[in-house]
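Take a look at the following structure, please.
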4 protein chains.
Amino acid sequence: MRAVTFQAPGEVAVQDVPEPELQGPDDAIVQIDASGICGSDLHIYHGRVPVEPDFTIGHEFVGTVLAAGHELERATVGERVLGCFHTACATCTPCIRGDYHRCAHGRTFGHGSKLGDLQGAQAERLLVPRANLTLRRVPEGMSDDVALFAGDVLGTGYHAVAHAGLRSGDTAAVLGLGPVGLCAIQAARAAGATQVFAIDTVSDRLDMARRFGATPIHLTDEDPKRTIRAATAGAGVDVVVDAVGDPAPLALAISLVRDAGTVSGIGAYAGKGEVPLGLAWLKGVTLRLGLANVIAHVDRVLAMVSAGLLDPAPLVTHHMALDQAPDAYALYDRREALKIVLTP
Amino acid sequence: MRAVTFQAPGEVAVQDVPEPELQGPDDAIVQIDASGICGSDLHIYHGRVPVEPDFTIGHEFVGTVLAAGHELERATVGERVLGCFHTACATCTPCIRGDYHRCAHGRTFGHGSKLGDLQGAQAERLLVPRANLTLRRVPEGMSDDVALFAGDVLGTGYHAVAHAGLRSGDTAAVLGLGPVGLCAIQAARAAGATQVFAIDTVSDRLDMARRFGATPIHLTDEDPKRTIRAATAGAGVDVVVDAVGDPAPLALAISLVRDAGTVSGIGAYAGKGEVPLGLAWLKGVTLRLGLANVIAHVDRVLAMVSAGLLDPAPLVTHHMALDQAPDAYALYDRREALKIVLTP
Amino acid sequence: MRAVTFQAPGEVAVQDVPEPELQGPDDAIVQIDASGICGSDLHIYHGRVPVEPDFTIGHEFVGTVLAAGHELERATVGERVLGCFHTACATCTPCIRGDYHRCAHGRTFGHGSKLGDLQGAQAERLLVPRANLTLRRVPEGMSDDVALFAGDVLGTGYHAVAHAGLRSGDTAAVLGLGPVGLCAIQAARAAGATQVFAIDTVSDRLDMARRFGATPIHLTDEDPKRTIRAATAGAGVDVVVDAVGDPAPLALAISLVRDAGTVSGIGAYAGKGEVPLGLAWLKGVTLRLGLANVIAHVDRVLAMVSAGLLDPAPLVTHHMALDQAPDAYALYDRREALKIVLTP
Amino acid sequence: MRAVTFQAPGEVAVQDVPEPELQGPDDAIVQIDASGICGSDLHIYHGRVPVEPDFTIGHEFVGTVLAAGHELERATVGERVLGCFHTACATCTPCIRGDYHRCAHGRTFGHGSKLGDLQGAQAERLLVPRANLTLRRVPEGMSDDVALFAGDVLGTGYHAVAHAGLRSGDTAAVLGLGPVGLCAIQAARAAGATQVFAIDTVSDRLDMARRFGATPIHLTDEDPKRTIRAATAGAGVDVVVDAVGDPAPLALAISLVRDAGTVSGIGAYAGKGEVPLGLAWLKGVTLRLGLANVIAHVDRVLAMVSAGLLDPAPLVTHHMALDQAPDAYALYDRREALKIVLTP
């Protein structure tokens, strides 16, 4: 079958790869109808996340069940399904605590041997192991462009907000208006945030944020700290989501959050970074860092998409054929797209 | 000044009463612009909640600060304000825990000597003791009909939902579509409930619930249990709000909630009642009973009203003059009104 | 092999039953070293919980792994293990929420076909399905009498306290000093309860409670309400555990708990019962009913037993041979024993 | 009256200062029986926290009510009382949220004009404003050395553990075994931590930690990371308390905590510091920084001291007269004492 594989930094290929085969009793083989290119695919594309050459990449998908192990309960052959970006064993200590994102045996689709050796979703067909945990039927009438993201970028936006403990009536700010940041805006508004400040430097993204109900603030042309203080009687916002993952936005987040508020750092931090610890301590800030626990949220996220409370469709700026993946990655790398959907 | 006083079961009067006077350093005297008649006023009207004759009743209000103690910080003379239905000391053990509704020294406006001997708000002027805790400025541009309810019925609806731990993406049901139930529907929708089932027997109220985004179910013409099971894959809803306060709706609530779900009993229960304990135990249900902690919520509720996420205005079915209070009570008692606003 | 089977109300037998066989990839066959007789076994014995004749009963066990599926990770052949009283699928919606006790596919050992058709632990050998979720190695040096209860009665006591949200420095009361109530006392003390009132009518149990650090109160010879009010400055205790499961103790629990406190109803309620709803509502009480979620707690419970913070050994009043099971049940039924341990 | 005043960095004096006078209706004047010298007093002593010359310092106290405003309810004249290290207004937005440590009008005893202009407790008499919130009767039979710390160092240790969400059965590590770290060990053990690793370089403090039930680890002679990984099956501990407040211990804390665990940074961080953000993100760590919310905890802390679950008495290494304060500060500055109690 055809699949998008990593070759070398800056180079992906579409090539023939072996067909996936059922292994465990609750595995599924999914005929992919659409797959997405995600910001974390760019980490692979740039060589920052090491993946073996010829390994199939991609981890956002919607498709149709082609074959199923005898214990699969979440769907039957022929049904449209969506999945999460990783699997989990469900029975290790972190899983029992509900921390599926820290599963001792977790496997991420399309991230090479170091993250579980699980071939990716930018392909014609996909093996989904332990699918009872992560696979879900696509609700009646839901389009691919919407279903595609429930188990990845939308779940991540939901997590960023829920993990921060946002309550209806709270205020929030989101730093970095890529797809995750934009989804976090939707999730915060849907959860009853009265005002969500959206901070970035790209005017298209600020416009999209406004469309999603946020108050856009240009990072450098405006003064986020002054604007937010003015709007919150000097207090700062209850919750800040840092969807960038660098020390500078984290420092800004700490300056924007209210006393005893929470900063949710969903963006991928790396290495070490300088943090204004004194200010964070004086304010009594809680920092919650880490990857999203999408498995824990996927049912609620899907219900919210069905109900129209979340809608990632506007994020999809490009549809391309699977065979065009090299062009799609190059285009995505030039930041000319928010979300590209590939169709086999 | 003129005020509405309780006289005897079924009888209220409008009479001259003494002017309120400042006592503590953070007290306020409020010139009442509008006051509401609430379901709990009917308990007084019916004699079920004992109040002395000639005691001024009413506990929902919006007005203008006429005089203020030297420590009042929440507002200054001349500013429009709203208040909560009761006061609290802020320093007793329940208050320090955040349980302002269980304050050891709490006083409820207009509920007679047993509940704190605090004259009510259906009057020309009102003493608000310890106003730093409960008084709030009315946000710019907010109408009386909306501001009036933030510290009472709307805060109660918010509490019913928040106390149940509803998370965005959850489902809910609300039993009893009086003002509190209708406000709970708004609060649940605003907090991200994907579907809220609204159960009552009065078609006007079911219509109002639909208008607020709920799925109406007629209690007797339809089968709430079957409808909700069908809509939730047999599971039941995550949260049920019982806004009635009798054993029968509580039993229905227990039958509608999912396993390990929560029933929030905000309606005023009295005496003893038969409860399906076996079913509640098998399902692992949590029951959270009691009055609303509106002081803890008033800032978030007000922010949500300002942001348009909550809007009690449609509940106001009648505006009447303070002097018409006897007619207003009679009309309310005949259940011909949802909310009556009195203007001095 | 030999096993204790239910025959008819009031009658159990020891008979030859088929050997268990591995089925799933993470199943284990455990050679039973010791099994316990539990209060819920009495429900079966009395015929209140219907179990088929010749069905093997028992659900508390410690033993040695005799055979293991190829995916079993929790233990290897030859290792000493303990288990939980039920299994769960780990992947259904309740399991993903962490509500393993409400698993859609949960199976309880030794409770007949209606509760999962899973043969019991009062036998020479036991099949433990999906053992990665529920099986644990017995820590070095831990005796059978102690390990035996981690996944059942001790986990239930832990749950009763944890589910009520008890914080260190809180006060508690426990109603009903059977094994669950006594374990709840230990769990409350270990979690930092400053005073635990223990209420029953049996002086031996009151003595045991005192030995576990509780303040015993005789239900009828003394006045629990007055004693507890006197000891808590009139407030009542933060948490009450009802380990009986009848309306009368639940009513007492509601009268003993402080305003806005929590009653944890761990005892098995059945049918309907009259509850003082008015009082519960006035106090703003939270009632958390239901079976214990022992799978969620077993690692912490086991760690506490290892550390000496929990110690069920004093509860074991009798050791008997598996073949003496009919006598053991008769003795337990006469309430002459707290805990009987059977050895094959 | 006599009082210890700040003069210049490295210099305190005992001098005559004006008598305190009642101001508000719930103020108290307390005749000081004993006051403590705290680590934060050293920040003043070193000039890092700016305090005006001749300002009375000290914020840990136990004493007897000498005079009381007419609304004081927590104690009457002649009763022994203890207090918290700061006051709060109880009615501002942070206070209503329960964040008394972030009160908009909070005043810290003995910290100069910038922190509320409130004279300190190392004196013969002390004004305690808004004493209904922070003053407590000393329970019958409790010594000064024990009561003294409930509202400061012991409350801080309690907070460090509670704020981290430690559950009974969890494991913990404490970095920095000054009085706060040692109190955190006690609080963790009392809350049911099965193992608490205590890390420092001072052998006396490691010995004290062992005496309090911890497992001591020498920071440099041993390898804390290896030791803790070995003891936790490679996982790390559930909770780490950093009682130092520098970037290096924070980095160590992040390396010691388990995936999705919590680091409670109670030590006073200042300025900026390099943090291993990548590791914290990979692990999904929650960092909770800030001063302790002792007012929220004081009743539970006091109950635990009464019950013998917390006992700071062993921390008191020196008793000195108030007039010896200059010697006491010099001795404390040389780190020759854990806690010095001054008696007027």
Side-chain angles (χ1 to χ4, degrees), chain B residues 92-95 97-104 106 159 163-165 167 170 232-236 238 242 245-247 249-251 254 258-293 296, chain C residues 92-95 97-104 106 159 163-165 167 170 232-236 238 242 245-247 249-251 254 258-293 296:
Chain B
C92 68
T93 301
C95 280
R97 273 197 304 257
D99 296 326
Y100 298 107
H101 56 318
R102 303 308 314 145
C103 173
H159 175 90
H163 203 52
R167 295 190 286 180
D170 279 353
T232 56
D238 297 293
D242 171 19
D246 283 326
L250 182 59
I254 290 168
R258 69 158 165 84
D259 277 16
T262 301
V263 172
S264 183
I266 195 73
Y269 300 90
K272 298 180 179 184
E274 201 175 68
V275 175
L277 290 172
L279 180 62
W281 188 83
L282 276 175
K283 290 180 127 184
V285 171
T286 296
L287 305 176
R288 311 206 72 180
L289 308 179
L291 211 64
N293 188 358
Chain C
C92 68
T93 300
C95 280
R97 273 198 304 256
D99 295 326
Y100 298 108
H101 57 317
R102 303 309 312 146
C103 173
H159 175 91
H163 203 51
R167 295 190 286 179
D170 279 352
T232 57
D238 296 296
D242 171 18
D246 282 325
L250 182 59
I254 289 168
R258 69 159 164 83
D259 277 16
T262 301
V263 172
S264 183
I266 195 72
Y269 301 91
K272 298 180 179 183
E274 202 175 67
V275 175
L277 290 172
L279 179 62
W281 188 84
L282 276 175
K283 289 180 127 184
V285 171
T286 296
L287 305 175
R288 310 207 72 181
L289 308 179
L291 211 63
N293 188 358

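Here is how names work: the chains are called A, B, and so on, in the same order as the sequence lines, proteins then strands, and each is numbered from 1. What you see is a predicted model, and the numbers here were worked out from it, not measured in a lab.
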Side chain, backbone, both or neither: which part of C:Asp246 has a heavy atom under 4.5 Å from chain B?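 Neither the backbone nor the side chain of C:Asp246 comes within 4.5 Å of chain B.
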Measure B:Ile266 against the heavy atoms of chain C and call it side chain, backbone, both or neither at under 4.5 Å. backbone
B:Tyr269 versus C:Leu282: any side-chain heavy-atom pair under 4.5 Å?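 The answer is no; the side chains never approach within 4.5 Å.
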Short question: side chain of C:His159, backbone of C:Asn293 - any donor-acceptor pair under 3.5 Å? yes
Highest number of heavy-atom pairs under 4.5 Å with chain B: which of C:Val285, C:Leu279, C:Leu289, C:Val263? C:Leu289
Heavy-atom contact with chain B under 4.5 Å, split by part of C:Ala280: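 Backbone plus side chain of C:Ala280, per the 4.5 Å heavy-atom cut-off to chain B.
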Whether over 12 other heavy atoms sit under 6.0 Å from C:Arg97 CZ: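 Yes - once you tally the heavy atoms of other residues, nucleotides and ligands closer than 6.0 Å, there are more than 12.
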For the backbone of B:Pro94 and the side chain of B:Arg102, can you confirm whether one donor and one acceptor N or O come within less than 3.5 Å of each other?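 Not a single qualifying donor-acceptor pair exists.
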Among B:Ala260, B:Gly271, B:Ala270, B:Ala235, which residue has the highest count of heavy-atom pairs closer than 4.5 Å to chain C?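 Looking at each of B:Ala260, B:Gly271, B:Ala270, B:Ala235 in turn, B:Gly271 comes out on top.
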B:Pro247 versus B:Gly273, closest heavy-atom pair with distance: CG-CA, 3.6 Å
Which of B:Leu277, B:Thr262, B:Leu250, B:Thr93 touches chain C most, by non-hydrogen pairs under 4.5 Å: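 Most heavy-atom pairs within the cutoff with chain C belong to B:Leu277.
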Regarding C:Ser264 and C:Arg288, do their side chains bring together a donor and an acceptor under 3.5 Å, going by distance alone? no
Is it the backbone or the side chain of C:Asp259 that comes under 4.5 Å from a heavy atom of chain B, or both, or neither?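 The answer is both parts of C:Asp259.
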So what's closer than 4.5 Å to chain B heavy atoms on C:Ala268: side chain, backbone, both or neither? both
